[in-house]
Amino acid sequence: MTPHLIALDIDGTIVDYDDKLSDRVRGAIRACREQGHHIVIATGRSLSGALDVANRLGLTEGFVVVSNGAVIAALNPNTATGYELVHVETFNPGPALTRMNHALPTALCLVEDENLERWASADFPVGDLAAGDDLNIVRFAELKTLRATRIVLRELHGSREEFADAVEKIGLHGVTYSVGWSNWLDIAPEGVSKASGLARVANDLGVDQQHTVGAGDGTNDHEMMEWVTHGIVMGQAGQRLKDLGTVITGTVQEDGLATALQDYFELSEDAIRSAMR
């Protein structure tokens, strides 16, 4: 088979909501790589969170698209960090932060800057951020002076409906955003998404768009599903994402990603078991 670009979301796709990676999912991903396909992690996580998963998968080369497409890095075991930054998109977070604070004054705000450092108005609840995501706590006003690859808004109070209404009232312009789980809002530079990052990676790899596969479960996967030729949607995803996918597989708890990769790439059980080792 022609080498494909396989773009994989992390949370709810590669790992479950307790950050557990099953042997079967790991084996299926590694078996695809052994067939010659390009495994590309595409996530809303920061670079450090993506690198942790890449390490658990045994990936030492290839690309990671992080911060919902704003940051692209190439894995390189010959560097001290294990990666090289390829592309970083930034924007002025001031106007968006001002609107957000007016609509949701009790919400926590986080800005990831052009150096991939994270600055926040207060500590986030334990488990909200990936391991290794250290925060610099500063006054809210200081957040507006940074250049941002992304903004995160986290509201600890109120219902999902109240949060969605407040987000609608913010009326953000000039940036793109997606509402995630637990009253969580991700804001990226205008025109930036997992899809825009993957298009850059595909160009660098020389992979035609017709040879692209993507798997995900969240609102920040919508553009990716529209961009890839074969879209794998996890069973627990919302209906809107399911409408955009090519196939709907099992849930993350059912190792749905492994099943979908096995079916599409015709992986044998022996190949998956061998790659688990």
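The first residue of the sequence shown is numbered 1, and numbering continues consecutively from there. Side-chain atoms are counted along with the backbone in the values below, which use heavy atoms only and exclude waters and symmetry mates. Predicted, not measured: the structure shown is a model, and the values here were computed from it.
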Legend entry - Min side-chain heavy-atom separation Ile72-Val64 under 4.5 Å: no

Inset, instruction - Examine distances only and state if a side-chain atom of Ser196 and a backbone atom of Ser193 form a donor-acceptor pair shorter than 3.5 Å. - result: yes

Inset, instruction - Report the distance from atom CH2 of Trp119 to atom CD of Glu142, rounding to the nearest 0.5 Å. - result: 8.0 Å

Legend entry - same_hphob_cluster(Leu97, Phe163) at 4.5 Å side-chain heavy-atom cutoff: yes

Inset, instruction - Would you check if Leu51 and Leu75 make a side-chain contact, meaning some heavy-atom pair closer than 4.5 Å? - result: yes

Inset, instruction - Check whether any side-chain heavy atom of Arg150 lies under 4.5 Å from a side-chain heavy atom of Ile187, and answer yes or no. - result: no

Legend entry - Polar side-chain atom of Ser274 near backbone of Asp270 as donor-acceptor pair, under 3.5 Å: no

Inset, instruction - Check Ala122 against Ile137 and note the closest heavy-atom contact, atom names and distance. - result: C-CD1, 3.6 Å

Legend entry - Partners meeting salt bridge (Lys or Arg N to Asp or Glu O under 4.0 Å) with Asp217 (sequence neighbours left out): none

Legend entry - Stepwise side-chain contact (heavy atoms from CB on, under 4.5 Å) test for Thr106 and Leu156: CA-CA 8 Å; Thr106 63; Leu156 303 178; over 6 Å; no

Inset, instruction - Using atom types as modelled and distance alone, determine if a side-chain donor or acceptor of Arg118 lies under 3.5 Å from a backbone N or O of Leu110. - result: no

Legend entry - Interatomic distance, Ile272 atom CD1 to Ser268 atom OG [nearest 0.5 angstrom]: 7.0 Å

Legend entry - With sequence neighbours excluded, residues passing salt bridge (Lys or Arg N to Asp or Glu O under 4.0 Å) with Asp11: Arg45

Inset, instruction - Measure the shortest side-chain to side-chain distance between Asp165 and Glu162 over non-hydrogen atoms and say whether it is less than 4.5 angstrom. - result: no

Inset, instruction - Quick one: sort the His230 and Tyr264 rings into parallel, tilted or perpendicular, breaks at 30° and 60°. - result: parallel

Legend entry - Between OG1 on residue Thr60 and CG on residue Asn76, distance to nearest 0.5 Å: 9.5 Å

Inset, instruction - Report whether Leu205 and Ile41 are members of the same hydrophobic cluster (ILVMFWY, side-chain heavy atoms less than 4.5 Å apart, transitive linking). - result: no

Inset, instruction - Following the transitive rule for hydrophobic clusters with a side-chain heavy-atom cut-off under 4.5 Å over Ile, Leu, Val, Met, Phe, Trp and Tyr, establish whether Ile10 and Val65 coincide in one cluster. - result: no

Inset, instruction - Quick one: closest heavy-atom pair of Cys32 and Ile39, and the distance? - result: CB-CD1, 4.1 Å

Under 3.5 Å, which donor-acceptor pairs do the side chains of residues 240-253 form with other protein atoms, sequence neighbours left out?
residue : atom : partner : partner atom : Å
Arg240  : NH1  : His222  : ND1          : 3.3
Lys242  : NZ   : Gly235  : O            : 3.1
Asp243  : OD1  : Gln239  : NE2          : 2.8
Thr246  : OG1  : Gly231  : N            : 2.8
Thr249  : OG1  : Gly256  : O            : 2.6
Thr251  : OG1  : Gln253  : N            : 3.4
Thr251  : OG1  : Gln253  : OE1          : 3.4
Thr251  : OG1  : Glu254  : N            : 3.3
Thr251  : OG1  : Glu254  : OE1          : 3.4

Inset, instruction - Please report the closest heavy-atom contact between Ala73 and Tyr83, naming both atoms and the distance. - result: CB-CD1, 4.2 Å

Inset, instruction - Verify, without hydrogens or angle tests, whether Arg26 (side chain) and Leu57 (backbone) share a donor-acceptor contact under 3.5 angstrom. - result: no

Legend entry - Exercise: do His211 and Gln209 side chains pair donor with acceptor under 3.5 Å: no

Inset, instruction - State whether the side chain of His37 and the backbone N or O of His4 hold a donor-acceptor pair below 3.5 Å, judged by distance alone. - result: yes

Inset, instruction - Supply the atom-to-atom distance Leu59 CG to Leu8 CG, rounded to the nearest 0.5 angstrom. - result: 9.0 Å

Inset, instruction - Using distance alone, with no hydrogens and no angle criterion, decide if Gln262 and Arg24 have a side-chain donor and acceptor under 3.5 Å apart. - result: yes

Inset, instruction - Report yes or no: do Thr90 and Glu114 form a side-chain donor-acceptor pair below 3.5 Å? - result: no

Inset, instruction - Mind running side-chain contact (heavy atoms from CB on, under 4.5 Å) on Arg154 and Phe124 for me, showing each step along the way? - result: CA-CA 8 Å; Arg154 175 72 160 93; Phe124 276 52; 3.5 Å; yes

Inset, instruction - State, to 0.1 Å, how close Leu143 and Ser121 come at their nearest heavy-atom pair, and which atoms those are. - result: CD1-N, 4.0 Å

Inset, instruction - Start with the C-alpha distance between Arg56 and Val15, add both sets of side-chain angles, then the distance that settles side-chain contact (heavy atoms from CB on, under 4.5 Å), and finish with yes or no. - result: CA-CA 11 Å; Arg56 290 157 67 186; Val15 302; 4.1 Å; yes

Inset, instruction - Look only at the side chain of Asp263 and the backbone of Ala260, and say whether a donor-acceptor pair between them is shorter than 3.5 Å. - result: no

Legend entry - Spacing of OG belonging to Ser22 relative to CG belonging to Asp255, to within rounding of 0.5 Å: 3.5 Å

Legend entry - Spacing of Asn68 atom CG and Glu89 atom CD [to the nearest 0.5 Å]: 13.0 Å

Legend entry - Verdict with reasoning, His38 to Phe63, per ring-ring contact (aromatic ring centres under 6.0 Å, His included): CA-CA 8 Å; His38 306 281; Phe63 292 86; 8.6 Å; no

Inset, instruction - Could you tell me whether the side chain of Met1 reaches within less than 4.5 Å of the side chain of Phe265, counting heavy atoms only? - result: yes

Legend entry - Flag side-chain contact, heavy atom, 4.5 Å: Leu146 against Asn92: no

Legend entry - Verify same cluster id: Leu5, Leu261 (apolar side-chain graph, 4.5 Å): no

Legend entry - Where Ile14 and Val25 come nearest, the two heavy atoms and their spacing: O-CG1, 3.7 Å

Inset, instruction - Apply side chain to side chain donor-acceptor pair (under 3.5 Å) to the pair Asp9 and Thr43, showing each step before the final yes or no. - result: CA-CA 5 Å; Asp9 170 53; Thr43 180; 4.6 Å; no

Inset, instruction - Give the cluster check for Met276 versus Leu257: same hydrophobic cluster or not, with ILVMFWY residues linked at side-chain heavy-atom distances below 4.5 Å. - result: yes

Legend entry - Donor-acceptor pair, side chain of Lys194 and main chain of Ala42, under 3.5 angstrom: yes

Legend entry - Residue pair Glu112 / Ser67, side-chain donor-acceptor N/O under 3.5 Å: yes

Inset, instruction - Determine whether Ile232 and Val213 make a side-chain contact, defined as any pair of heavy atoms from C-beta on separated by less than 4.5 Å. - result: yes

Legend entry - Side-chain heavy atoms of Glu34 within contact of Leu267, under 4.5 Å: no

Legend entry - Minimum-distance pair of heavy atoms, taken over all atoms of Asp18 and Asp16: N-OD1, 2.9 Å

